[in-house]
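Note: hydrogens, waters and symmetry copies are ignored here, and every other heavy atom, side chains too, is used. Keep in mind that this is a model prediction, so the values were computed, not measured. We count ligands from 1, going down the list as the structure has it; atoms in each ligand are counted the same way.
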Amino acid sequence: MIFEPKAECQDPGERRALQSARLRALVARLADRVPFYAEKLRAAHVLPGDIRGVEDLPRLPITRKTDLRDTYPFGLLAVPRRECVRIHASSGTTGRPTVVAYSAADLELFSTVVARALAMAGAEPGMLLHNAYGYGLFTGGLGLHYGGEKLGMTVVPVSGGMTERQVLLIEDLKPDVLCCTPSYALTLASEFAKRRVRPEDLSLRFALHGAEPWTDGMRAQIDRGLGVRCTNIYGLSEIIGPGVSNECVEARNGSHVMEDHFYPEILDPATMQPVEDGQEGVLVLTTLTKEALPLLRYWTGDITSLTRGPCACGRTLVRMALIKGRTDDMLIIRGVNVYPSQVESVLARCEELAPHYRLVVTREHNLDALEVEAELDAAFAREIVRETLSDEIVEADTQLQALRGRVAHLLHDTIGVSMKVTLLPPGAAPRSEGGKLNRVADQRPRP
Ligand code: DLL
């Protein structure tokens, strides 16, 4: 089902006219209400009346996370703080969180775009939603909650963590739809496997995963492990939270961006110029309709590409590829750019490995070195142990060595840099306990 067919299936030319009108109004409002932007526009020699439409976006200044930090907590608001009805925040890796604020109209927009996302993922009014995103300052829990209610679903506000209770509620309440981080979906799948609950006996049919990068390899594991057809949900607090884009369950071939509200551009990080459709670069988003905290050309740091054209679901909204990583995730290993998601895709091709791993970055003689700790698949490990017990230790060891060599070879061939591969016993790699999972241990000395 399509939640807002008129907007989601609009003729692209008509939509562009709407986006342009909204952009003109936005620039005028920012110049008028937000001193930070008034100053930025002046410095860029742009008068609000100069902007004809989205084709003029490259003339407008970029907004970065540091701008939000520098004006912390409420310096970028375009309405008085008392007109805001909710605050969220995203915890950065260091220092203060980034604080964002919503007017009543913004919350309405938030639940509308999440309702659209849920419908894209296969959800329908009357279905039961098991919401395992964290409630609180994080936008995931409350975002999916109000979106689910808006679509007409029955929402179970479980929040993250306490896996025992999650599993019990899924077995007893029989939800149709699950939402949580992809890494936590794997935790839930292995908990069901431990209890010998077969995926086909679970009530779940659809699942929305996001808030952290994942790959098609992980998607296959989740589909199989939970008996669902899962889709990608993308978003960030600064823009609204979840619901900036979502894959449709029909095609699962790129996430439809709610581009009538959030205008996407892809920029080459070296030249800062827009790239062609299909080319990778950094996603930059402009909020076309937000009231309290509108942002011009926000640099997400997320690497993806855009595709236009007809989609099996009938929507005309532009699609973005799965996020490859963030510019600040990128590791430079002996001159080669490596994203954790590339390593993950390679590991997913080896059936002797589980979808759990850790990357350890160290520095030796001024060169970065990458060690991949890949966890053995439990069934494969059992097989090896059986062989060991039957006095075929040499054989088992040879198998492991061969596997290590094959994985290292595959990584080198695909990514173009050699990495040390260590095999971990089942259960040894970090698991998600509900929130975002950090799979990279950076042990390089701090500059
Ligand atoms: O993670 C919002 C969200 C909640 C999205 C629930 C999806 C589901 P922040 O905490 O502000 O907001 O983190 C935003 O997380 O810039 C990306 O780097 C990453 N991210 C979010 N969704 C995805 C995704 C929420 N589907 C940051 N794939 C973003 C890859 C994602 N990375």
Side-chain angles (χ1 to χ4, degrees), residues 63-65 68-69 87-93 96-102 110-111 113-114 116-118 120-121 129 131-148 159-160 177-185 207-219 222 230-247 252 254-258 262 264 280 282-285 287 293 295 298-305 319-330 339-342 344-345 432 434-440:
T63 309
R64 292 179 183 271
K65 201 175 186 86
L68 282 159
R69 292 230 177 93
I87 301 293
H88 276 290
S90 78
S91 48
T93 36
R96 290 208 165 99
T98 307
V99 168
V100 296
Y102 303 73
F110 194 6
S111 38
V113 291
V114 174
R116 279 191 196 178
L118 280 159
M120 287 176 183
L129 174 65
N131 185 8
Y133 274 118
Y135 280 65
L137 285 174
F138 176 54
T139 51
L142 288 170
L144 267 301
H145 183 102
Y146 287 105
S159 197
V177 187
L178 164 71
C179 53
C180 61
T181 56
S183 55
Y184 195 56
L208 296 88
H209 303 306
E212 63 187 13
W214 58 314
T215 54
D216 283 324
M218 248 171 112
R219 182 206 297 279
I222 297 171
C230 62
T231 52
N232 180 47
I233 180 163
Y234 168 83
L236 60 165
S237 327
E238 296 89 318
I239 298 302
I240 192 112
V244 170
S245 71
N246 206 99
E247 284 170 340
R252 298 205 292 188
S255 304
H256 289 287
V257 183
M258 317 296 172
F262 315 118
E280 259 175 20
V282 173
L283 176 67
V284 168
L285 291 162
T287 65
L293 184 65
L295 296 179
Y298 186 72
W299 181 267
T300 66
D302 294 322
I303 296 160
T304 184
S305 58
R319 281 163 287 154
M320 55 182 263
L322 281 181
I323 301 289
K324 182 170 175 190
R326 296 179 49 79
T327 35
D328 47 17
D329 255 12
M330 191 181 78
Y339 291 97
S341 64
Q342 291 175 290
E344 183 178 313
S345 298
S432 165
K436 298 185 195 231
L437 179 60
N438 183 13
R439 289 195 173 88
V440 182

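- When each atom of ligand 1 is checked for a heavy atom of T139 under 4.0 Å away, the hits are 2 (C), 12 (O).
- Of all the heavy atoms of S90, the ones lying under 4.0 Å from any atom of ligand 1 belong exclusively to the side chain.
- The parts of L236 lying near ligand 1 are both backbone and side chain, judged by heavy-atom distances below 4.0 Å.
- In this structure, the side chains of C179 and H209 stay at 4.5 Å or more apart for every pair of heavy atoms.
- When the side chain to side chain donor-acceptor pair (under 3.5 Å) test is applied to T287, no partner is found at least two apart in sequence or on another chain.
- Within ligand 1, the atoms closer than 4.0 Å to a non-hydrogen atom of I233 are 7 (C), 8 (C), 22 (N), 24 (C), 26 (N), numbered from 1 in the order shown.
- Heavy-atom proximity to atom 21 (C) of ligand 1, evaluated over G210, G235, P97, is greatest for G235.
- Residues I303 and T327 meet the side-chain proximity criterion, which asks for heavy atoms closer than 4.5 Å.
- Among protein heavy atoms, the minimum distance from atom 11 (O) of ligand 1 is reached at S237 OG, 2.5 Å.
- Among all protein heavy atoms, the one lying closest to atom 28 (N) of ligand 1 is E212 O, 3.3 Å.
- In terms of modelled atom types and a separation under 3.5 Å, the side chain of Y184 and the main chain of L437 share no donor-acceptor contact.
- E212 and S183 are linked by a side-chain donor-acceptor pair at a separation below 3.5 angstrom, with hydrogens and angles left out of the test.
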Output a table of donor-acceptor pairs, distance under 3.5 Å, between side-chain atoms of residues 134-148 and any protein atom two or more places apart or on a different chain; print 'none' if there are none.
from, atom 1, to, atom 2, distance (Å)
Y135, OH, N131, ND2, 2.9
Y135, OH, H145, ND1, 2.8
H145, NE2, E149, OE2, 2.8

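- Which parts of ligand 1 touch R326 is read off a 4.0 Å heavy-atom cut-off, strictly below it: atoms 16 (O), 18 (O).
- Of the possible donor and acceptor atoms, one in the side chain of R252 sits under 3.5 Å from a partner among the backbone N and O of C230.
- Listed by atom number, the atoms of ligand 1 under 4.0 Å from G140 heavy atoms are 4 (C), 6 (C).
- For K436, every heavy-atom contact with ligand 1 shorter than 4.0 Å involves the side chain, none the backbone.
- The backbone N or O of L208 sits nowhere less than 3.5 Å from a side-chain atom of T231 that would complete a donor-acceptor pair.
- Among all protein heavy atoms, the one lying closest to atom 7 (C) of ligand 1 is A211 N, 3.3 Å.
- For atom 16 (O) of ligand 1, the nearest protein heavy atom (residue, atom name, distance) is D302 OD2, 2.7 Å.
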